[in-house]
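Heads up, the thing below is written out as structure tokens.
Not measured: the values here are computed from a predicted model.
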Amino acid sequence: MMSIADKSSLRHAQFGDSSRRIRLQTFVRLRWLAVAGQTVTVLIVWRLLDFPLPLIEALLLIAALAAANLFLSYRFSPTHRLEPTAAFALLGFDLLQMAGLLFITGGLANPFAPLICVPVIISFASQPLLPSLALLALAIVCTTALAFTPYSVPWYPDHALAVEPVMQVGVWCAIASMMSFAAFYAYRVSHEATQLADALAATELVLEREKHLSQLDGLAAAAAHELGTPLATITVVAKEMQRELGNDERYAEDVALLRSQSERCRDILRRLTSLSTDNEEHMRRLPLSSLIEEVTAPHRQFGIEIKLIEASSRHGEPVGNRNAGILYGLGNLIENAVDYAHSTVTLTVEHGAEIVAVTIEDDGQGFAPDVLLRIGEPYMSSRPASQDRAGGLGLGLFIAKTLLERSGAILSFSNRQPEGSGARVRIEWPRWRMETDQ
């Protein structure tokens with residue numbers, strides 16, 4: 001069974017850091033939207049409202065953004081994904097362009113001043129943390145500079161719109177706090193979504209691997225069937241050769257060996273074929289007791305006693321289709337229990353007319369109280385590893401929990417206290433789901 005460390009390294013090899021790289025086409029489209037919005041706003045203020053403003057300077061700043069967009073569209077493919085450094089440079093340019101436009105149109109008194117937060121939020125939602133923090137610092141500096149602009153906000157010529165220093169400070173604090181909060185929120189949501197997507201992809205890889213292993217018996221039967229015809233031909237030819245050359249001392253021994261080995265191959269293929277046809281139903285349909293034995297057998301050789309308590313009689317036990325997700329999920333939970341147990345792992349199996357339940361308990365340290373509510377999150381270690389055992393609950397537990405829940409199970413995690421030390425995991429299915437699950 002794949003270890004937790006292997007799963008984490010698999011995720012890194014499979015996904016790396018590319019999942020937080022944004023496509024250039026996304027930047028280009030957002031920039032064209034910004035160019036259109038800025039152009040329309042400036043023209044409405046200048047033409048419709050007839051407010052005085054530095055029109056030439058404003059249009060030059062907008063043209064600079066459009067020119068940069070045209071250059072990027074010509075120079076790079078739309079599917080190009082930006083490295084963190086390149087993304088920082090582009091978002092920094094957007095930030096400075098927006099700051100310049102606000103600076104010549106009233107600074108913090110401009111009602112559009114909060115738009116300076118947009119590049120920062122985009123960065124925290126799509127880029128690594130360090131470049132995003134650098135962009136946040138640059139945005140704070142630009143916001144501070146906006147408070148000292150000598151330009152007044154476009155307004156009616158016969159009315160002076162004066163903004164008191166206290167209001168300037170209040171607006172600065174509002175923008176800085178909104179920028180910081182929105183950036184942190186966007187980063188956390190994006191980071192957790194990326195982790196979840198990568199973990200679910202790893203879950204699919206594990207499930208496909210388990211299904212592939214469970215289908216090897218069918219492949220063996222198919223191979224036996226396909227090899228049967230050419231091997232029969234070889235056997236017939238070997239018999240003819242033995243009849244013709246059996247008395248020739250030069251070839252008799254070799255021909256006899258050829259015939260005996262062909263017969264041996266036929267016996268092997270016959271056993272493979274009969275194994276598939278005789279036991280196909282047994283392999284496809286799995287009683288609960290056989291399922292438990294299959295998932296516990298690989299973990300009995302590690303010096304930890306695995307006790308099996310059957311709270312219900314085997315008579316009338318549920319028999320379901322062989323489910324690779326259930327086999328892997330239960331096996332992973334038992335593996336974790338063995339890893340953290342001091343000496344004993346106890347499995348309690350019970351079934352009734354409505355419910356099928358498996359409870360896994362160990363005599364280790366148990367779950368830390370502050371992480372019980374977060375168990376099952378990907379890439380999180382939920383129990384301290386003992387001194388002589390490596391590993392930690394994280395991606396492996398997430399995969400096991402996800403696969404079991406797909407089969408209709410409900411999982412609950414708790415500690416055994418006060419009856420003893422250690423952790424307890426209870427997996428419960430509606431009986432009909434286990435018996436009909438595909």
Side-chain angles (χ1 to χ4, degrees), residues 17 20-24 26-35 37-38 41-42 54 57-72 75-76 80-151 153 163 165 167-191 194:
D17 297 325
R20 294 188 65 80
R21 294 181 186 175
I22 193 169
R23 287 190 309 163
L24 177 62
T26 303
F27 265 117
V28 169
R29 288 176 176 175
L30 290 174
R31 280 178 153 198
W32 283 128
L33 183 62
V35 168
Q38 292 173 7
T41 303
V42 168
E57 292 85 345
L59 292 179
L60 286 175
L61 285 172
I62 298 174
L65 184 60
N69 231 20
L70 290 173
F71 172 77
L72 292 174
R75 178 67 177 80
F76 298 99
H80 177 71
R81 290 192 176 272
L82 297 170
E83 296 287 340
T85 303
F88 172 79
L90 293 181
L91 288 171
F93 177 83
D94 294 348
L95 177 65
L96 293 174
Q97 189 267 351
M98 175 61 69
L101 194 58
L102 291 171
F103 188 81
I104 64 174
T105 55
L108 295 183
N110 191 314
F112 293 98
L115 289 176
I116 200 171
C117 302
V118 172
V120 178
I121 297 173
I122 293 175
S123 179
F124 273 88
S126 62
Q127 300 303 310
L129 185 59
L130 289 180
S132 300
L133 289 174
L135 192 68
L136 175 62
L138 177 61
I140 295 295
V141 172
C142 291
T143 304
T144 305
L146 293 180
F148 299 96
T149 177
Y151 298 92
V153 64
V163 180
M167 180 62 70
Q168 294 268 25
V169 173
V171 172
W172 184 93
C173 292
I175 293 177
S177 59
M178 180 184 69
M179 187 186 307
S180 302
F181 174 78
F184 174 77
Y185 185 82
Y187 176 78
R188 289 302 306 170
V189 170
S190 173
H191 184 67
T194 301

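- Nearest heavy atoms, Ala176 versus Ile140: CB-CD1, 3.8 Å.
- For Tyr151, the OH atom counts as loosely surrounded, since its 6.0 Å shell holds 12 or fewer non-hydrogen atoms of other residues, nucleotides or ligands.
- Rounding to the nearest 0.5 Å gives a distance of 4.0 Å between CG of Asp94 and CZ of Arg31.
- In this structure, CG in Leu136 is found 9.5 Å from SG in Cys117, a value given to the nearest 0.5 Å.
- In this structure, CD1 on Ile62 lies 9.0 Å from CE on Met98, to the nearest 0.5 angstrom.
- Heavy atoms only, all atoms of each residue included: Leu101 and Thr105 are closest at O-OG1, 2.7 Å.
- Residue Met167 places its CE atom among 12 or fewer non-hydrogen atoms of other residues, nucleotides or ligands, all under 6.0 Å distant.
- A distance-only check finds no donor-acceptor pair linking the side chain of Ser190 to the backbone of Tyr187 [under 3.5 Å].
- Side chains of Phe124 and Leu135 form no contact here, defined as non-hydrogen atoms less than 4.5 Å apart.
- Here the closest heavy-atom approach between residue Val120 and residue Ala139 is recorded as CG2-CB, 3.5 Å.
- Of all heavy-atom pairs between Ile121 and Ala182, the closest is CD1-CB, 3.6 Å.
- Distance check, rounded to the nearest 0.5 Å: CD of Gln168 to CG of Leu146 gives 9.5 Å.
- Between the side chains of Thr143 and Trp172, no donor-acceptor pair of N or O atoms lies under 3.5 Å.
- Taking every heavy atom of both residues into account, Ile116 and Ala99 meet most closely at CD1-CB, 4.1 Å.
- In this structure, Asn110 contributes its side chain and Leu102 its backbone to no donor-acceptor pair below 3.5 Å.
- Here the straight-line distance linking atom CG of Leu138 with atom CG of Leu133 works out to 12.5 Å at 0.5 Å rounding.
- Residues Leu72 and Leu90 are in side-chain contact: their nearest non-hydrogen atoms beyond the backbone lie under 4.5 Å apart.
- A distance of 11.5 Å separates CG of Asn69 from CZ of Arg29, quoted to the nearest 0.5 Å.
- Looking at every heavy atom in both residues, Leu65 comes nearest to Ala34 through CD2-CB, 4.2 Å.
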Candidate pair Gln127 and Leu82, rule side-chain contact (heavy atoms from CB on, under 4.5 Å), full reasoning: CA-CA 10 Å; Gln127 300 303 310; Leu82 297 170; 5.8 Å; no
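- Formation of a donor-acceptor pair under 3.5 Å by the Ser132 side chain with backbone atoms of Ser123 is found in this model.
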